[in-house]
Amino acid sequence: MFDAMIETLKANPRKIVFTEGHDARILEATSRLVEGGFLTPILVGNVEEVKANAAKGGFNIEGVEILDPTTYADMDAMVEKMVELRKGKMTAEECRTALSKGNYFGTMLVKMGYADALLGGATYSTADTVRPALQLIKTKKGAHLVSSCFILVRGEEKLAMGDCAINIDYQDTLDKEGNVVVSAAQKLAEVAVETAKTAQVFGIDPKVAMLSFSTNGSGKGGTVKLSHDATAVAKEMAPELAIDGEMQFDAAVAPEVGQLKFPGSKVAGYANTFVFPCIEAGNIGYKIAQRLGGYEAYGPILQGLNAPINDLSRGCNADEVYKMAIITCAMV
């Protein structure tokens, strides 16, 4: 999987910003990327601190661009652009203060076209990585939310699971008069379609199961109606995709169960892309697969943004940083 992505990146050079350039894990991954030569890292941080930490760890970052927000030559232009993007919600001074931090500074480098992608979260929280992206990069045209996906790999087998990290649940968005502007089902349907698109980036031919504790109307209550309605919306949004639901996990993966409970479904029993109705189910589900099923889990991969911005776990290691950098740039 990674070999194929690396070959793509060799043919299509990309720049990626690391918002925590001083971190040893980032520096080790950067050293590997420098050696590989298939993408260009940019480190955000104090130049002397970054170089000292690299030397201390024995990491080769020779030739890597290190940008310090406090000495950045084009900061005035960046502040001006951010004020414009925030549309009166932040003053110039507030923008300048925000841009002194690596997460906002790195995000603006992507927004202004200096870099193609961003990877953060080695020390920042998920919220601190996602917030600048929402405020500055913003969602794709027609998207109503940002979601996440994990890619799980075991040998030659690859699965996609969403959303396991961002959206706690799905509620209708109402206007001031109480009318539904964006339904909960539409939001979950967007997650399904975006997760299928992410799956395709990784060479998965997505067969999307909208998961629940009910299969094809066998149960009621809870999130059953949400998953059922979201399936209908997702089919309208992307009729070319194989999407079915609602269904239980055994019906999604076991042909003898799926075709019994959901006869004629092209997905039931053969699913490889799973959409959960809430974050509790999604987060627990992917971690069970990772820890008990022996899958390697890559993510969270953020979906719905205008540029590839991804979040690391604060417990990540250098190998995970290296692989997530490849994944992030492959999504450009």
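What you see below is based on every heavy atom in this structure, not just the backbone, and it leaves out hydrogens, waters and symmetry mates.
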*asked:* Test: salt bridge (Lys or Arg N to Asp or Glu O under 4.0 Å). Region: residues 138-164. Which pairs qualify, not counting sequence neighbours?
replied: Lys140-Glu194, Arg154-Glu157
*salt bridge (Lys or Arg N to Asp or Glu O under 4.0 Å) contacts in which one or both residues fall within residues 295-309, not counting sequence neighbours*: Glu296-Lys323
Hydrophobic cluster membership, [X] vs [Y], 4.5 Å side-chain cutoff:
X      : Y      : result
Val17  : Met324 : no
Ile288 : Leu159 : no
Val257 : Leu260 : no
Ile26  : Val110 : no
Val233 : Val224 : no

Could you list all the ring-ring contact (aromatic ring centres under 6.0 Å, His included) pairs where at least one residue sits in [range], not counting sequence neighbours?
range            : result
residues 26-58   : none
residues 294-332 : Phe2-Tyr298
residues 145-169 : Phe150-Tyr286
residues 93-125  : Tyr72-Phe105

*Quick one: CG on Leu302 to SG on Cys149, what's the gap to the nearest 0.5 Å?*
10.5 Å
*Euclidean distance, Ile327 CD1 relative to Thr198 OG1, rounded to 0.5 Å*: 10.5 Å
*salt_bridge(Glu7, Lys10) N-O dist < 4.0 Å*: yes
Exam field: side chain [X] to backbone [Y], donor-acceptor pair closer than 3.5 Å:
X      : Y      : answer
Gln290 : Lys287 : no
Glu28  : Arg25  : no
Ser218 : Ser214 : no
Ser227 : Leu211 : yes
Asn306 : Ile137 : yes

If I compare all heavy atoms of [X] with all of [Y], which pair ends up nearest, and what's the gap?
X      : Y      : value
Asp229 : Ala185 : CB-CB, 3.7 Å
Leu27  : Leu43  : CD2-CD1, 3.8 Å
Ala199 : Ala160 : CB-CB, 3.9 Å
His144 : Val182 : CD2-CG2, 3.3 Å
Met331 : Ile301 : SD-CG2, 3.2 Å
Pro308 : Asp116 : CD-O, 3.5 Å

Pairs of donor and acceptor atoms involving the side chains of residues 266-276, under 3.5 Å and at least two apart or interchain, shall be tabulated with distances.
unit_1 : atom_1 : unit_2 : atom_2 : d
Asn272 : OD1    : Lys207 : N      : 2.8
Asn272 : ND2    : Asp205 : O      : 3.0

*Which is it for Lys261 and Gln248 under the side chain to side chain contact (heavy atoms under 4.5 Å, CB included) test, yes or no, and what are the steps along the way?*
CA-CA 9 Å; Lys261 292 186 172 184; Gln248 293 157 286; 3.0 Å; yes
Does any non-hydrogen side-chain atom of [Y] lie less than 4.5 Å from one of [X]?
X      : Y      : value
Thr126 : Ile166 : yes
Asp169 : Gln171 : yes
Met78  : Met112 : yes

*How far apart are the C-alpha atoms of Met108 and Leu85, what are their side-chain angles, what is the distance that settles it, and do they pass the side chain to side chain contact (heavy atoms under 4.5 Å, CB included) test?*
CA-CA 10 Å; Met108 278 301 294; Leu85 291 168; 3.9 Å; yes
_Qualifying residues under side chain to side chain contact (heavy atoms under 4.5 Å, CB included), relative to Asp3, sequence neighbours excluded_ = none
*What residues, two or more places apart in sequence or in another chain, satisfy side chain to side chain contact (heavy atoms under 4.5 Å, CB included) together with Asp76?*
Arg96
*Scan for side-chain hydrogen bond (donor to acceptor under 3.5 Å, both in side chains) pairs involving residues 40-60, sequence neighbours excluded, and state none if there are none.*
none
Under 3.5 Å, which donor-acceptor pairs do the side chains of residues 236-244 form with other protein atoms, sequence neighbours left out?
unit_1 : atom_1 : unit_2 : atom_2 : d
Asp244 : OD1    : Lys235 : NZ     : 3.2
Asp244 : OD2    : Ser265 : OG     : 2.7

*Tell me, yes or no, whether the heavy-atom count around Glu35 atom CD, taken from other residues, nucleotides or ligands under 6.0 Å, exceeds 12.*
no
*Walk me through it: do Thr30 and Phe59 pass the test side chain to side chain contact (heavy atoms under 4.5 Å, CB included)?*
CA-CA 8 Å; Thr30 297; Phe59 307 127; over 6 Å; no
*Please walk me through it: do Asp319 and Arg32 pass side chain to side chain contact (heavy atoms under 4.5 Å, CB included)?*
CA-CA 9 Å; Asp319 186 59; Arg32 287 182 66 184; 2.9 Å; yes
*Among Ile309, Asn167, Val191, Leu305, the one residue meeting side-chain contact (heavy atoms from CB on, under 4.5 Å) with Val146*: Leu305
*Only one of Thr123, Asp128, Leu118 passes side-chain contact (heavy atoms from CB on, under 4.5 Å) with Asn103; say which it is.*
Asp128
*Check whether the side chains of Lys187 and Thr173 place a donor and an acceptor atom closer than 3.5 Å, and report yes or no.*
yes
*Residues in side chain to side chain donor-acceptor pair (under 3.5 Å) contact with Thr97, at least two apart in sequence or another chain*: none
